[in-house]
Amino acid sequence: MAELVFEIWGNEHGSTLLRVGQQSDELRLLEPEPLKLLHTFTACSVHEAFQKNNDFLGFGIWDSGDTPDVMFTDLEAEEQRLYLSKRVTD
């Protein structure tokens, strides 16, 4: 089962959940006010990632409605591992 790395970034205006990757890092850096890394975790599916986000923020059970869960693939995990091996952090 493939796991991906997620980060929760935030400032006094709120927080955002991002799957680690080049596009997420580029979007995060476009924020008008700097964001601080609040928490890092791994998840095997979209639902698990949203629930872990809610757990960290104290929001309780994440309601997915009738949205189907999506499991992450080995290819996605390998692409992320490659990005993480050369990621430049600010």
Side-chain angles (χ1 to χ4, degrees):
M1 187 175 314
E3 283 188 325
L4 295 183
V5 179
F6 289 83
E7 296 173 334
I8 301 172
W9 290 83
N11 58 27
E12 64 274 3
H13 301 292
S15 65
T16 187
L17 173 64
L18 296 170
R19 180 169 122 174
V20 172
Q22 182 174 347
Q23 183 179 19
S24 294
D25 283 347
E26 290 170 357
L27 289 173
R28 178 177 50 80
L29 293 173
L30 292 175
E31 287 291 322
E33 294 188 30
L35 299 173
K36 287 179 33 178
L37 178 61
L38 304 176
H39 186 59
T40 302
F41 63 88
T42 61
C44 296
S45 73
V46 171
H47 286 194
E48 182 182 10
F50 280 113
Q51 184 57 58
K52 286 185 174 184
N53 180 65
N54 274 19
D55 291 345
F56 178 77
L57 297 172
F59 292 162
I61 303 298
W62 180 68
D63 181 6
S64 64
D66 52 353
T67 305
D69 198 5
V70 176
M71 303 300 288
F72 302 122
T73 66
D74 291 335
L75 178 59
E76 289 172 306
E78 183 58 33
E79 288 171 347
Q80 188 182 65
R81 275 191 291 277
L82 179 60
Y83 177 72
L84 282 167
S85 72
K86 58 185 179 180
R87 183 184 195 195
V88 176
T89 57
D90 29 76

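Please read all numbers here as calculations on a predicted model, not as lab measurements. Hydrogens, waters and symmetry mates play no part in the numbers below; they use all other heavy atoms, side chains included.
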Sidechain N-carboxylate O distance under 4.0 Å for Glu7, Arg87:
yes

Strictly below 4.0 Å, N to O, side chains only: are Arg28 and Asp25 in salt-bridge contact?
yes

Taking side chain as C-beta onward, heavy atoms only, is His39 less than 4.5 Å from Lys52?
no

Would you say Asn53 and Trp62 make side-chain contact, with heavy atoms under 4.5 Å?
no

Using the rule that Ile, Leu, Val, Met, Phe, Trp and Tyr join whenever any side-chain heavy atoms are under 4.5 Å apart, tell me whether [X] and [Y] fall into a single cluster.
X     : Y     : answer
Val5  : Leu82 : no
Leu35 : Leu38 : no
Phe41 : Phe59 : yes

Go through Ile61 and Gln51 one step at a time and tell me if the side-chain contact (heavy atoms from CB on, under 4.5 Å) criterion holds.
CA-CA 7 Å; Ile61 303 298; Gln51 184 57 58; 4.0 Å; yes

OG1 of Thr40 to CG of Leu18, rounded to nearest 0.5 Å, is 10.5 Å

Worked verdict on Leu4 versus Val20 for side-chain contact (heavy atoms from CB on, under 4.5 Å):
CA-CA 8 Å; Leu4 295 183; Val20 172; over 6 Å; no

Considering residues at least two apart in sequence or located in another chain, which fulfil the salt bridge (Lys or Arg N to Asp or Glu O under 4.0 Å) criterion with Glu31?
none

Sorted by chain and number, sequence neighbours left out, side-chain contact (heavy atoms from CB on, under 4.5 Å) with Leu27 holds for Gln23, Leu30

Candidate pair Gln80 and Arg19, rule side-chain contact (heavy atoms from CB on, under 4.5 Å), full reasoning:
CA-CA 9 Å; Gln80 188 182 65; Arg19 180 169 122 174; 3.9 Å; yes

Under 3.5 Å, is there a donor-acceptor pair between the side chain of Gln22 and the main chain of Tyr83?
no

May I ask you to decide if Trp9's main-chain N or O and Thr16's side chain share a donor-acceptor pair within less than 3.5 Å?
no

Before giving the answer on ring pair (Phe, Tyr, Trp, His ring centres under 6.0 Å), spell out for Phe6 and Phe72 the whole-Å C-alpha distance, their side-chain angles and the decisive distance to 0.1 Å.
CA-CA 12 Å; Phe6 289 83; Phe72 302 122; 5.7 Å; yes

Closest approach of Glu3 to Cys44 (non-hydrogen atoms, all atoms of both residues)
CG-SG, 3.3 Å

Where Ser15 and Ile8 come nearest, the two heavy atoms and their spacing:
CB-CG2, 4.0 Å

Residues pairing under side chain to side chain donor-acceptor pair (under 3.5 Å) where one sits in residues 64-74, two or more places apart or in two chains, turn out to be Ser45-Asp69, Thr73-Glu76

